[in-house]
Amino acid sequence: MLQMDTIELFAGGGGLALGLHEAGFNPVAVVERDADSCNTLRENWHRTMGSKLRLFQEDIRGVDVTQ
């Protein structure tokens, strides 16, 4: 089965990324600037998925998508 990669913008606490992972997608990066949301996202991610999270904790306008 082909697994599709996802990138989530304005991630909040990461519920969409976690739900997509449960549905068989592969979240490769999330972008969120709010510090509290990022802390929640990190905790939920490691507790649920146990894998490394590529989190961009900054305004979307500052994310370099070429890397």
Side-chain angles (χ1 to χ4, degrees):
M1 179 172 91
L2 177 63
Q3 188 177 38
M4 295 183 74
D5 293 341
T6 63
I7 297 172
E8 185 175 350
L9 308 177
F10 319 108
L16 180 61
L18 293 171
L20 287 170
H21 172 73
E22 290 296 317
F25 292 83
N26 181 38
V28 295
V30 294
V31 180
E32 175 57 56
R33 69 179 182 170
D34 179 70
D36 291 332
S37 293
C38 288
N39 290 335
T40 298
L41 199 153
R42 285 185 194 96
E43 180 65 29
N44 288 339
W45 192 280
H46 294 295
R47 187 181 311 174
T48 305
M49 296 174 47
S51 62
K52 183 163 173 52
L53 169 64
R54 184 158 185 207
L55 171 63
F56 294 89
Q57 185 174 340
E58 59 187 286
D59 190 296
I60 186 66
R61 294 172 288 189
V63 175
D64 182 359
V65 297
T66 63
Q67 296 183 13

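From a predicted model like this one, the values you see are computed outputs, not experimental measurements.
Contact detail for Q57 and R33: the closest heavy-atom pair is CG-O, 4.3 Å. Summarising the geometry of A11 relative to L41, their closest heavy-atom pair is CB-CD1, 3.7 Å, with the distance given to 0.1 Å. Among all heavy-atom pairs drawn from C38 and E32, the shortest one is SG-O, 3.3 Å.
Under the side chain to side chain contact (heavy atoms under 4.5 Å, CB included) criterion, T40 pairs with N44, not counting sequence neighbours.
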Without placing hydrogens or testing angles, list every side-chain donor-acceptor pair under 3.5 Å for residues 15-31, not counting sequence neighbours.
{"residue": "N26", "atom": "ND2", "partner": "D5", "partner atom": "OD1", "Å": "2.9"}

